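All values reported here derive from a predicted model rather than from experimental measurement.
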Amino acid sequence: MASTLTQFPHPEHGEYDGPGTHAVTNQPPPPAPYDASDDAALLEGLRREGADWAEGDIRRLGKRAGSAEAQEWGELANRHEPVLRTHDRYGHRVDEVDFHPSWHRLMRTAVAEGLAGAPWADARPGAHVARTAGGLVWGHTEAGHGCPTSMTYAAVPALRAQPELAKVYEPLLTSREYDPVLRVPTEKPGLLAGMGMTEKQGGSDVRTNTTTATPTAEPGVYTLRGHKWFTSAPMCDVFLVLAQAPGGLSCFLVPRVLPDGTRNPFRIQRLKDKLGNRSNASSEPEFDRTVAWLVGPEGRGVKTIIEMVNCTRLDCVMASATLMRKTLVEAGHHVRHRSAFGALLIDQPLMRNVLADLALESEAATTLTLRLAGAADRAARGDAGEAAFRRIATAVGKYWVTKRGPAFTAEALECLGGNGYVEESGMPRHYREAPLLSIWEGSGNVNALDVLRALGREPSAGEALFAELSLARGADDRLDAAVTRLKDRLAVASQTSARRLVELMALTLQASLLVRYAPPAVADAFCVTRLGGDWGHSFGTLPDGADLTSVLGRALPAAD
C-alpha cells in the first residue's frame, strides 16, 4: 500500500503554523539577578546591633550574591565536587584536594569581604555583626565554602591561648587575601584554619580521643599519631587539633607545611561522601609523627578549643537562617509568577498562609542570629553581661534554629511543587544542606545538654537570659505567660526534659526580640502561634486573624 503520510503538512516544509509542542508558558523567569540584602529584618538588625556603618558594603555584597554569575558559581562548585589526590605522578605523597575554579571564586570573595578572620583585626564596634550580616547575604550563593571561612574566624580567639603562636599567625588569619596553594604559612599573604576534634570511636565525646601527642626536645613542640574521623576543609593551612598529651587532652596547632618547606604528615585517607555540603571536602586525615605546637596548657584542650566551638556554633545559626531566607526568596519568586486555578499562587489564600508562616520563622531566625552576633561583638570587647548571655543563648539558638531548618526548607521546596524536586531548581541542594547545621558543632542533644551545663555551672548565664527576656515584660501577655512557664520548668529541669526546656527558651527569646523590634503584625502572629498555641503542626496553619498581607509585604523582596 502506498504511504499517505505526505498528505499531512510537515513543519520543515513551511506548511505548519500551529503551536509548538514545547512552548513554555506559566513558568517563572530565572530568579537571578536579585538583591540578597533586600531583607528588612537583616538591615534593621545590622543597625540595631551596632554595625550601621557596614550597610553600604552589605547592600553591595547582597547584589553581588544574587547576581547570575555568583549564583552559577554556587551551582558549579557543587556539580564539580572536590577530588582527592593522594600522590603525584611520580608516587610522592601530596595529599591535596582539587576544586573547581568556582569554589576558589567563592572563597576569594568571602575572604576579601571579611567573612573569615578579618573582624578580629577591626577595631570598630560592630565588626563581628557586620561579618555575620555579610554571611547572611553571601550565603545565598553556596553553603559549603562557609565552612573554612567559619573555622578561620573561630580559630583566632582559641589561638590566643598561646600568645607566641598568635603573634605569628593571627595577622595572617585575619588577612583578606586568599591563597589556596599549600606552602610555608609565614610566606603566604593570608591563611585559612581548620580543626580536627572528632574520632571514630567517640564523635562528640572528644575526651575518648586516642590520638597521642608526644613531647619533643623542643619546648612546646610535639609529634602526633592518630586518625581523625571528620576534618573538613583539609586544604586549610593550619589546624587546631585535639590529642592526648602526657597531661591529658590538649589542643595543638598543626600546619600542613612545616617552616622548612616540607610537608607535615597529614595523610588524607578518603573524602567523605556526604548527604549535602558536597562542594566542601570533608576528610579523614591520619597523623604519623606529625609536628604540632601546643596551644594552651596540657590537659586543657577542651577549654582551649571551646571558644572556637562557640564561634562556629554561631555560624551554624547564621547558615540556617541564611538557608531559610534563601529558600523563602526562591519560593516567593515562584509563586509570584506561577498561576493555578485561575489566579497567581501568591494570591491564593492558603499559599499566602504558608509563605507568611515561613516568613515569621525566617525573621525570627535572622533577628536572633544578629542578636547573638551583637553579643559576640560586645563580649569580645569585654562586656561580661553580654559574654554570659552569649554563653547560653548561642547554644539555645544553635539547638532551635538549626532544628527548624530542614522542615522549613522542605516546605519552601513544596511551594515549587514538582519543579522544586528537580536538581535544576537548586532546592534539592538546599534541602540536603539543611540537616548538616543541626549536626555540625554538636547535635541537638549535645547543645541541649550544654544549656543544662551552663545553667548549673555558670549561674550568670541563666541570669543574663532572663534579664534579656525581662526587656519585653508587659508587652505581650502570651510572652509573659511563656516566661513564667520557663521559670517553672527550670525548677524541675532534667536531662530527659532538656529538649523541651531549650525549645521554650528559644521561642521566648525569639518572641521577646520580635515584640521589641518587629512590626506588630509580625510579633503578634509569632506570639499567638508559637507561644499561644493557635497553630497547627505544619507551616501554613496561621489563624484566620493573622495579618498575612503585612507579614508578606515585609518579608518578600520587592516585586520584579
Side-chain angles (χ1 to χ4, degrees), residues 61 65 74 77 103 106-122 127-159 169-170 172-176 178 180 190-198 230-241 274 276-283 305-323 326 365 369-370 372-373 376-377 380 390 394-395 397-398 401-402 405 433-434 436-442 447:
L61 186 60
W103 167 271
L106 291 164
M107 285 295 304
R108 185 167 288 107
T109 302
V111 173
E113 294 290 342
L115 305 187
W120 299 107
D122 193 335
H128 297 269
V129 177
R131 175 194 173 267
T132 299
L136 285 165
V137 297
W138 186 244
H140 280 236
T141 58
E142 196 279 321
H145 78 292
C147 176
T149 58
S150 177
M151 292 190 295
T152 302
Y153 169 69
V156 173
L159 193 60
Y169 289 102
E170 186 170 330
L172 298 170
L173 292 169
T174 58
S175 167
R176 293 182 181 235
Y178 172 65
L191 301 179
L192 295 175
M195 61 178 168
M197 294 193 293
T198 60
F230 218 108
T231 298
S232 286
M235 288 300 288
C236 288
D237 301 285
V238 296
F239 292 80
L240 290 181
V241 171
K274 298 174 292 183
N277 203 253
R278 299 185 72 90
S279 69
N280 174 39
S282 297
S283 68
I305 211 167
I306 196 65
E307 181 60 28
M308 186 175 191
V309 174
N310 285 334
C311 291
T312 50
R313 282 180 176 175
L314 169 58
D315 279 6
C316 286
V317 182
M318 174 189 74
S320 285
T322 304
L323 199 57
K326 169 65 173 173
T369 298
L370 290 166
L372 295 176
D377 192 271
R390 175 197 178 219
T394 299
K398 166 66 168 70
V401 175
T402 62
E433 187 73 25
L436 167 66
L437 299 162
S438 182
I439 297 170
W440 224 334
E441 307 308 355
N447 279 272

Taking C-beta and beyond as the side chain, do R313 and V317 meet within less than 4.5 Å on heavy atoms? no
Nearest non-hydrogen partners of F239 and A233, listed with the distance: CZ-O, 3.4 Å
Please examine the side chains of W440 and N277, heavy atoms only from C-beta on, and report whether any two atoms are closer than 4.5 Å. yes
Can you tell me how far the CD atom of E170 sits from the CG atom of L159, to the nearest 0.5 Å? 7.5 Å
Is D237 reaching over with its side chain to a backbone N or O of L192, donor-acceptor style, under 3.5 angstrom? yes
Taking every non-hydrogen atom, the tightest pair across A158 and M308: CB-CB, 4.1 Å
Please examine the side chains of L370 and L136, heavy atoms only from C-beta on, and report whether any two atoms are closer than 4.5 Å. yes
Between L191 and S175, is any pair of side-chain heavy atoms under 4.5 Å apart? no
Restricting to non-hydrogen atoms, name the atom on L106 and the atom on E142 that form the minimum distance, rounded to 0.1 Å. CD1-CB, 3.9 Å
Hey, are the side chains of M197 and F230 touching, using non-hydrogen atoms and a 4.5 Å cut-off? no
Spell out, as yes or no, whether a donor-acceptor pair under 3.5 Å connects the side chain of W120 to the backbone of Y153. yes
Do the non-hydrogen side-chain atoms of N280 and K274 ever get within less than 4.5 Å of each other? yes
In short, I439 meets K398 closest at the heavy-atom pair N-NZ, 4.4 Å
Test item: T312 side-chain N/O and V309 main-chain N/O as donor-acceptor pair under 3.5 Å: yes
Does S283 use its side chain to pair, donor to acceptor, with the backbone of T231 at less than 3.5 Å? yes
Kindly say whether C147 contributes a backbone atom to a donor-acceptor pair with the side chain of S150 at under 3.5 angstrom? no
Can you give me the closest heavy-atom contact between L314 and L372, atom names plus distance? CD1-CB, 3.6 Å
Between the CG atom in L173 and the CE atom in M151, the distance rounded to the nearest 0.5 Å is 12.0 Å
Between T152 and A193 (side chain of the first, backbone of the second, donor and acceptor by atom type, cut-off under 3.5 Å), is there such a pair? yes
Below 4.5 Å, heavy atoms only, C-beta onward: do Y178 and T109 meet side chain to side chain? no
Supply the atom-to-atom distance D315 CG to T322 OG1, rounded to the nearest 0.5 angstrom. 9.5 Å
d(L436 CG, S282 OG) to nearest 0.5 Å is 8.0 Å
Does L115 offer a backbone N or O that forms a donor-acceptor pair with the side chain of R131 under 3.5 Å? yes
Which heavy atom of R108 sits nearest a heavy atom of P180, and at what distance? NH2-CD, 4.4 Å
